[in-house]
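From a predicted model like this one, the values you see are computed outputs, not experimental measurements.
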Amino acid sequence: MLGRHAAAGRRTALAALGTLALTGFTSATAAEPPPPMSGSTAAQTLGADRPSAELLRVMERDLGLTPGQAAERLVNEAEAGTRAGRLRNALGKHFAGAWVRGATSAELVVATTHAADAPAIRAQGAKAVVVKRPLTELKAIKQKLDTAAARVTTRDTPVWYVDVPANRVVVQAARQSAATAFIRTAGVQGMDVGVRVSAQRPRLLTDIVGGEAYYTNGTARCSIGFSVTKDQQQGLATAGHCGKPGDKTTGFNRADQGTFRASTFPDKDMAWVGVNSDWTATPDVRGEGGKKVQVSGSVQALVGASVCRSGSTTGWHCGTIEQHDTSVSYDQGTVEGVTRTTVCAEPGDSGGPYVSGTQAQGVTSGGSGDCTSGGTTFYQPVNPILGDFGLVLTTASAQTDTPAPQDNGATDAWAAGRVYEAGATVTHAGVRYQCLQTHQAQGAWSPAGTPALWHRL
């Protein structure tokens, strides 16, 4: 199993990572991380060692795995995320992305623009790939496409994204000529922008036909994403295209439910509904056969990791993450920063939850295809929803754990409920830490007790 290294390997890893400190990185990125955690330790920290039977069964069905392989994959993916975070911080400006591959082993691959980094990457149990462009440059290229999309029509170029494994930005277009024109308008011609010609056109997955889940203003049907709270107000996170601020919602049983408190669409596809006292926030996600799956946090999974989705139309389906930071041009407007997956979905599934293991990932935005012939879907990541709207994800751990003490006197003190991006630094109990994986801080996940998420500087 990945992540289990001998003592000699750990010493080699420290020595190799120590050489990175000599290449001109700042102190924050040059700090030597501790020896690799064992896979079991990282999995226990993030709950990947306690997946529900319902999630495992659907992973087996949709990903072609045995029960043992499904459980092993979740453990390996959780551990790979921690190692990727350590290497991201250590490589600094040379970092060009990380992903996992393989049906069960979840082999970690880390890209760098500096060949001298390869020994340090391999010493952490990852495959090293030397590429031309750092991740920051790829994101800058994609941002130029995002800017151009506000000036020109993108009907025939509906999707563009950073393809980390290919080390390039990709534009999906109905015709080569449409892609060429869009790339030229954005001023990124000759910058390793690839073109994928496809007749598929993503659509929003709403439905005005009666059914389960919740209804906006008594008609349009969407799916609940995750339970959240804001101060004392309980509510649910969902897709922004499902409703506007002030719109009323009713539940699956047509009983009064709540009101859209905030909604962003397009640009992003996020919203939250404040519910009345008849509804109670829980950490549950509806799994296969109506059984419940609980979430324990919102740690962002790597490209290549397994992900499962629940929706009121098609139920429970699994696949893999293909790209983060994708832009999609729907007929109603362009949405930036969504994640592209191989999971299928159909109208009415919009707003429903995506989970990886026990970690909340996002809510369904749109896609193409269906769950009979297969398809592609996009989800709005959950951490921006929590951060933009000031929401706290309802988790299983939150019901039993007492929030950890905080450094109230420090301006950058770690705080439960705050969303932290990979690379962020905080102070906790007088000690400095750097974030390894993007997540919303849980009360039980203080930096000192969560080495899968935080590295002590």
Stepwise side chain to side chain contact (heavy atoms under 4.5 Å, CB included) test for His241 and Ser350: CA-CA 9 Å; His241 71 265; Ser350 275; 2.9 Å; yes
Verdict with reasoning, Tyr433 to His455, per side chain to side chain contact (heavy atoms under 4.5 Å, CB included): CA-CA 5 Å; Tyr433 294 87; His455 162 54; over 6 Å; no
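- Counted by atom type alone, Arg456 and Gln434 present zero donor-acceptor pairs between their side chains at under 3.5 Å.
- Contact of the Val170 side chain with the Val195 side chain is not registered, since no non-hydrogen atoms from C-beta on lie closer than 4.5 Å.
- For the residue pair Thr394 and Ser227, no side-chain donor N or O sits within less than 3.5 Å of a side-chain acceptor on the partner.
- Remark: the backbone N or O of Ala96 is not paired with any side-chain donor or acceptor of Asn167 at under 3.5 angstrom.
- Not counting sequence neighbours, the partners of Asp192 by the side-chain contact (heavy atoms from CB on, under 4.5 Å) test are Lys132, Arg133, Arg168.
- Results of the side-chain contact (heavy atoms from CB on, under 4.5 Å) test with Phe95 over Val110, Thr113, Thr112 single out Val110 as the only residue that passes.
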Does the side chain to side chain donor-acceptor pair (under 3.5 Å) test come out yes or no for Asp146 and Ser327, once each step is laid out? CA-CA 7 Å; Asp146 290 340; Ser327 291; 2.6 Å; yes
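- In this structure the side chain of Gln323 reaches within 4.5 angstrom of the side chain of Thr326, judged on heavy atoms.
- Contact detail for Ser365 and Asp269: the closest heavy-atom pair is OG-OD2, 2.7 Å.
- Side-chain contact between Thr216 and Asp247 is present, with at least one heavy-atom pair separated by less than 4.5 Å.
- In terms of heavy-atom proximity, Gln437 sits nearest to Thr82 at NE2-OG1, 3.2 Å.
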With side chain to side chain contact (heavy atoms under 4.5 Å, CB included) as the test, would you mind laying out the steps for Gln172 and Thr157 before giving the verdict? CA-CA 6 Å; Gln172 177 182 312; Thr157 53; over 6 Å; no
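- In this structure, a donor-acceptor pair under 3.5 Å is present between the side chains of Gln200 and Ser368.
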Please test Thr259 against Lys248 for side chain to side chain donor-acceptor pair (under 3.5 Å), starting from the C-alpha separation and ending with a verdict. CA-CA 5 Å; Thr259 304; Lys248 301 297 183 181; 3.1 Å; yes
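- The two atoms that bring Ala106 and Val100 nearest to each other are O-CG1, 3.8 Å, heavy atoms only.
- In this view, Gln332 satisfies the side-chain hydrogen bond (donor to acceptor under 3.5 Å, both in side chains) rule with no residue, not counting sequence neighbours.
- A salt bridge does not link Asp325 to Lys139: none of the charged nitrogens lies less than 4.0 Å from a carboxylate oxygen.
- Atoms CG and SG, on Asp349 and Cys371 in that order, are 6.5 Å from each other to the nearest 0.5 Å.
- For the residue pair Ser52 / Gln294, no side-chain donor-acceptor distance below 3.5 Å is found, with atom types taken as modelled.
- Looking at residues two or more places apart in sequence or on another chain, you find no ring pair (Phe, Tyr, Trp, His ring centres under 6.0 Å) involving Tyr161.
- Two residues are said to be in side-chain contact when any heavy atoms from C-beta on lie closer than 4.5 Å; Val355 and Gln361 fail this criterion.
- A side-chain donor-acceptor contact under 3.5 Å links Ser263 to the backbone of Gly243.
- Distance check: Thr238 OG1 to Ile224 CD1 gives 8.0 Å after rounding to the nearest 0.5 Å.
- With sequence neighbours excluded, the residues satisfying side-chain contact (heavy atoms from CB on, under 4.5 Å) with Val363 are Phe226, Gln380, Ile385.
- Smallest separation of non-hydrogen atoms from Leu436 and Ala452: CD1-O, 4.0 Å.
- With values rounded to the nearest 0.5 angstrom, Glu77 atom CD is found 9.0 Å from Thr320 atom OG1.
- Inter-residue side-chain proximity for Trp316 and Val293 is flagged as met; some heavy-atom pair is nearer than 4.5 Å.
- With 3.5 Å as the limit, one finds a donor-acceptor pair spanning the side chains of Ser312 and Arg221.
- Side-chain contact between Gln359 and Ser296: present, with at least one pair of heavy atoms (C-beta onward) separated by less than 4.5 Å.
- When all heavy atoms of Ala301 and Ile321 are compared, the closest pair comes out as CB-CD1, 3.8 Å.
- The ring pair (Phe, Tyr, Trp, His ring centres under 6.0 Å) check on Phe260 picks up nothing, with sequence neighbours excluded.
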Trace of the side chain to side chain contact (heavy atoms under 4.5 Å, CB included) decision for Asn276 with Asp256: CA-CA 8 Å; Asn276 61 42; Asp256 288 345; 4.0 Å; yes
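- Side chain of Lys230 to backbone of Phe389: a donor-acceptor contact under 3.5 angstrom is found.
- Here OG of Ser306 is found 4.5 Å from CG of Leu74. Values are rounded to the nearest 0.5 Å.
- For Glu421 (side chain) and Thr438 (main-chain N/O), no donor-acceptor pair under 3.5 Å exists by modelled atom type.
- Counting heavy atoms from C-beta on, the side chains of Thr154 and Trp160 come closer than 4.5 Å.
- Although no hydrogens or angles enter the test, the distance criterion places no donor-acceptor pair under 3.5 Å between the side chain of Gln233 and the main chain of Val228.
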Let me see the working for Arg432 and Thr425 under side chain to side chain donor-acceptor pair (under 3.5 Å), right down to the final yes or no. CA-CA 7 Å; Arg432 298 286 293 164; Thr425 57; 2.9 Å; yes
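- A donor-acceptor distance shorter than 3.5 angstrom exists from the side chain of Tyr330 to the backbone of Gly366, with no hydrogens or angles considered.
- Among residues two or more places apart in sequence or in another chain, the side-chain contact (heavy atoms from CB on, under 4.5 Å) test is passed with Thr341 by Val307, Thr339, Val343, Tyr354, Thr377, Tyr379.
- If you take CZ on Arg286 and OG on Ser223, they are separated by 10.5 Å, rounding to the nearest 0.5 Å.
- A distance of 10.0 Å separates CG in Leu145 from CD in Glu336, rounded to the nearest 0.5 Å.
- Here the shortest heavy-atom pairing between Leu302 and His324 reads C-NE2, 4.1 Å.
- Put simply, the side chain of Phe182 reaches to within 4.5 Å of the side chain of Val152, judged on heavy atoms.
- Aromatic ring centres of His439 and Trp454 lie closer together than 6.0 Å.
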